[in-house]
Amino acid sequence: MQERVTVDGGALSRAQVVAVARHGAGVSVSADALAAVAATRAHIERLADAEAPTYGVSTGFGALATRHIPADRRTALQRSLIRSHAAGAGPEVETEVVRALMLLRLRTLATARTGVRAGTVEALAAMLDAGITPVVPEHGSLGCSGDLAPLSAVALALMGEGEVRTKTGLGSAADALAEAGIEPVVLAEKEGLALINGTDGMLGMLAIALHDLHTLLDTADLTAAMSVEALLGTDRVFAPELHALRPHPGQALSAARIREHLRGSAIVASHQTPDCTRVQDAYSLRCAPQVHGAARDTVAHAETVADRELSAAIDNPVVLPDGRVESNGNFHGAPVAYVLDFLAIPVADVASMAERRTDRMLDTARSHGLPPFLAHDPGVDSGHMIAQYTQAGIVSDLKRLAAPASVDSIPSSAMQEDHVSMGWSSARKLRKAVDGLATVLAVELLTAARALDLRAPLTPAPATAAAVAALRERVDGPGPDRHLAPEIAAAVDLVRSGDLLRRNP
């Protein structure tokens, strides 16, 4: 894990976002970036002193853009902008999301295209570095003109107002800044807008989701292999020459991974005999590479969009290298919103397929010799019956979460902002979907591990045996009085951490 991230005005990687957001990596800004910021700021101050009005520098905002603001009222204007825009409501957004949002806004400020002062950039970096996380409510962003309400909550804390979280808990921003030796920022011309006009919240959630989806899709290939093995399925359908006939890269990768997971399986070998009467496996087994692979290809497309956005400078107005201050629409979240919505579709489908594999292992009519519901004592206990209910309930939720938010638009700001992206909403529902997929895969992992145990004395493949061993280190395994809820929770932690994959030989 990267311990420090230096923001230099260039692109950030998704890994750097995760390091800062989730793992608390420190943050600093390069000297060259601060010098460039200072040079641009000098130009903004000349415009502020000029008689001709410049939007965002000496005017009001949005529908009030035609109103010229006298110099002695501009500090009050910036302060009022943040206070009025920090109007979110609802539950507190997760710390990792807020830290990602802060880092990405810092990156745009460091491009020297926004016109803020170097001291403001340094103060935001110092907040991140000190682990001061503003309290950001969940509701308030329409994903256009940036994630306005969430970013305003951050800017409010930078001014020494509002609430924040630190290592010691919840407290006032003023106290946290004072303890960290950070002087609250008194905003100057243009700075209020520059702090809040960005897609940083939705982009931060996209970067985190992409990181998690790599782990979960790799896990889905592993749990699918375990289920294929447990259900006495064939590995022949994963042969590379079959997938070369349909050359989608994600499909080929998933097929190769499932094939490798099944290598050396005595269970698979046991039914590859001339007297085997089975012709084809069910789609949930046979078509796993096609579904998982399509999900991988969707992730790859989303990564392309995310990486472009991670190199972007998003503000309105922006200060171009030739000194022009131009209004623009780059704050519109459509590019990010679309892929956030797009990702929710394969998340729901991968989970749906995993739930179908789980159900097959519980049904004596389809499980090829496994006991009902994999129960320790069928009739006395219900085995994994209700764990599959949990999967089914989550999958139903995931299908609803796959409905896109980005097709909606609610006009705002007296019809000045008459089309919005709803990208923040797309990001929030994708976070829920990713959590749901992790739980669905955890239940499949538990069920398939139990089924593989029941195939003894036949032994599973080394890769699937390692997965069973990793799980058994976290849970006690089946018994007459087992408690499945803590087992599922432990399996979810194992899946999300990636430890399950690291144990794979």
Side-chain angles (χ1 to χ4, degrees), residues 1-40 93-114 116-136 150-151 154-155 157-158 164-169 171 173 176-185 194-195 198-201 203-212 214-215 303 306-314 496-499 502:
M1 194 273 292
Q2 192 169 355
E3 294 184 356
R4 292 199 66 78
V5 170
T6 299
V7 177
D8 60 8
L12 286 173
S13 69
R14 285 173 273 116
Q16 287 175 314
V17 175
V18 173
V20 172
R22 179 169 289 172
H23 303 298
V27 176
S28 56
V29 183
S30 73
D32 287 347
L34 290 173
V37 167
T40 300
V93 171
E94 304 86 354
T95 293
E96 68 176 18
V97 171
V98 180
R99 284 184 61 81
L101 177 154
M102 294 169 71
L103 174 67
L104 295 173
R105 183 74 327 220
L106 176 67
R107 196 210 70 80
T108 284
L109 298 181
T111 64
R113 301 277 68 84
T114 70
V116 300
R117 295 168 298 170
T120 301
V121 175
E122 291 177 296
L124 182 56
M127 277 183 65
L128 261 174
D129 202 50
I132 300 172
T133 305
V135 172
V136 174
L151 282 163
V154 172
L158 192 65
V164 298
R165 289 202 176 271
T166 64
K167 294 177 181 177
T168 59
L177 293 179
E179 186 174 344
I182 302 169
E183 191 71 25
V185 173
L195 285 166
T199 58
D200 309 293
L203 177 58
M205 285 185 273
L206 175 59
I208 293 168
L210 289 169
H211 170 84
D212 290 343
H214 272 286
T215 298
E303 287 175 336
D307 291 345
R308 289 171 184 158
E309 199 79 355
L310 286 167
S311 66
I314 295 177
R496 297 213 64 161
S497 69
D499 290 344
R502 284 188 280 272

- [ ] Drop me the distance from M205's CE to D200's CG, to the nearest 0.5 angstrom.
- [x] 10.5 Å
Task: Inter-residue atom distance H23.NE2 - E3.CD, 0.5 Å rounding - done: 12.5 Å
Task: Qualifying residues under side chain to side chain contact (heavy atoms under 4.5 Å, CB included), relative to E309, sequence neighbours excluded - done: T199, L203, I314, V336
Task: Non-hydrogen atoms of V7 and A33 that approach each other most closely - done: O-CB, 4.3 Å
Open item on the list: So V154 and L124, do their side chains get closer than 4.5 Å, heavy atoms only?
Closed with: yes
Task: Partner residues of D212 under the side chain to side chain contact (heavy atoms under 4.5 Å, CB included) criterion, sequence neighbours left out - done: R22, I208, V434, R496
Open item on the list: Give me the atom names and distance for the closest heavy-atom approach of A207 to V18.
Closed with: O-CG2, 4.2 Å
Task: Validation row: P150, L101 side chains within 4.5 angstrom (heavy atoms) - done: yes
Task: Student check: side-chain heavy atoms of R14 and H211 closer than 4.5 Å - done: no
- [ ] May I ask you to test the V98-M102 pair for a side-chain heavy-atom distance under 4.5 Å?
- [x] yes
TODO: Drop me the distance from M127's CE to R99's CZ, to the nearest 0.5 angstrom.
DONE: 10.0 Å
TODO: Identify the two heavy atoms, one from G26 and one from V20, that lie closest to each other, and give their separation to 0.1 Å.
DONE: O-CG2, 4.5 Å
- [ ] Search all heavy atoms of A194 against all heavy atoms of T114 and return the closest pair with its distance.
- [x] CB-CB, 3.9 Å
- [ ] Rounded to the nearest 0.5 Å, what's the gap from CG on L310 to OG1 on T108? Could you check?
- [x] 9.5 Å
Task: Criterion side-chain contact (heavy atoms from CB on, under 4.5 Å) against L195, the qualifying member of L109, L151, L106 - done: L109
Task: Exercise: identify the closest heavy-atom pair between S311 and R308 - done: OG-O, 2.8 Å
Task: Minimum-distance pair of heavy atoms, taken over all atoms of T215 and G498 - done: CG2-CA, 3.9 Å
- [ ] Flag the pair I182 / I132 as yes when at least one side-chain heavy-atom distance between them is below 4.5 Å, and no otherwise.
- [x] yes
